[in-house]
Amino acid sequence: RGRELMTAPVGTDAFTTMQSKEAEDKHKRILGEHLQLKRGVEVRESVEIAEIASRHRYSLNKKGKSQEWEADGGWIYSNGELVGVAECKYQHSRQNACERAFRYLSVDKFREQPHRILLTCYGKGFQQQSGGGSTGPFIDMATNSGMTVFENPSDEEFKEGIEEWIRSIL
């Protein structure tokens with residue numbers, strides 16, 4: 001009692017819905033359009049844990065090399081230095097937890113400057129409403145932590161916000 005239902009049964013393989021894929025593609029497209037105009041900026045799909053954590057004893061693969069974290073929008077580098085990370089979340093319902101995005105607060109570089117974490121949230125699950133769920137506290141806590149958060153932005157709102165975010169991290 002008191003537990004929220006998961007959107008997929010326990011043990012279900014990971015999957016991406018068409019709406020989630022569309023939101024992620026839009027996120028990457030708009031972000032990429034703005035970042036490609038900046039000199040010395042590159043986007044990497046993943047980063048080694050060894051690069052983002054000063055202590056890393058357990059995050060090694062079978063070959064003894066550092067494991068990696070991926071981000072939907074990528075890890076943003078300026079002149080070879082990590083300056084930000086961009087993540088896109090889509091939720092059709094409010095019951096699914098999105099807390100995985102909070103892992104970026106554990107990155108040494110972002111702990112003191114959480115505004116460098118860009119989080120774009122799409123879908124009905126991210127519409128403000130009463131009634132519980134996981135997405136409401138997720139948005140509140142992400143905002144409270146200092147992350148840069150966009151909730152169901154229009155293309156124009158996202159483009160304007162991206163420009164401001166890029167200026168803040170470069």
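- Between the side chain of Ser168 and the backbone N or O of Trp165, at least one donor-acceptor pair lies under 3.5 Å.
- Separation of atoms CG (Asp72) and NE2 (His27) is listed at 6.5 Å; rounding is to 0.5 Å.
- Classified by interplanar angle (parallel below 30°, tilted 30° to 60°, perpendicular above 60°), the ring pair Tyr104/Trp69 is perpendicular.
- Proximity of a side-chain donor or acceptor of Ser66 to a complementary backbone N or O of Ala50 within less than 3.5 Å is detected.
- Salt-bridge check for Arg29 with Asp25: failed, with every basic side-chain N at 4.0 Å or more from each acidic carboxylate O.
- Within the 4.5 Å cutoff, the side chain of Ile49 has no heavy atoms near those of the Glu68 side chain.
- By the rule that hydrophobic residues join a cluster once side-chain heavy atoms approach within less than 4.5 Å of another member, Val107 and Leu60 end up as members of separate clusters.
- Atoms OH and CG, on Tyr122 and Asn152 in that order, are 8.0 Å from each other to the nearest 0.5 Å.
- Between Ile139 and Glu151 the shortest side-chain heavy-atom distance falls below 4.5 Å.
- No side-chain heavy atom of Val43 sits less than 4.5 Å from a side-chain heavy atom of Trp75.
- No side-chain heavy atom of Gln67 sits less than 4.5 Å from a side-chain heavy atom of Glu48.
- You'll find the side chain of Ile162 reaches within 4.5 Å of the side chain of Leu118, heavy atoms only.
- Put simply, the side chain of Asp108 gets close to the backbone of Ser54: a donor and an acceptor are under 3.5 Å apart.
- Here the CG-CD distance, from Leu82 to Glu51, works out to 6.0 Å after rounding to the nearest 0.5 Å.
- Without hydrogens or angle criteria, Arg111 side chain to Ser106 main chain gives a donor-acceptor distance under 3.5 Å.
- Note: His34 NE2 to Phe158 CZ = 8.5 Å, rounded to the nearest 0.5 Å.
- Using a 4.5 Å heavy-atom cutoff, the side chains of Val83 and Tyr77 are not in contact.
- A donor-acceptor contact shorter than 3.5 Å links the side chain of Ser145 to the backbone of Ala142.
- For Lys89 against Ala101, the heavy-atom pair with the smallest separation is CE-CB, 4.3 Å.
- Atom CD of Glu45 is surrounded by 12 or fewer heavy atoms from other residues, nucleotides or ligands within 6.0 Å.
- The existence of a salt bridge linking Glu157 and Lys159 is excluded, since no basic side-chain nitrogen approaches an acidic carboxylate oxygen closer than 4.0 Å.
- A 4.5 Å side-chain heavy-atom check between Ile169 and Ile76 finds at least one atom pair inside the cut-off.
- Remark: Leu31 CG to Lys26 NZ distance equals 13.0 Å, nearest 0.5 Å.
- For the residue pair Thr148 / His115, no side-chain donor-acceptor distance below 3.5 Å is found, with atom types taken as modelled.
- Across every non-hydrogen atom of Leu119 and Met147, the tightest pair is CD2-SD, 4.2 Å.
- A salt bridge links Glu81 to Lys109: at least one charged side-chain nitrogen sits closer than 4.0 Å to a carboxylate oxygen.
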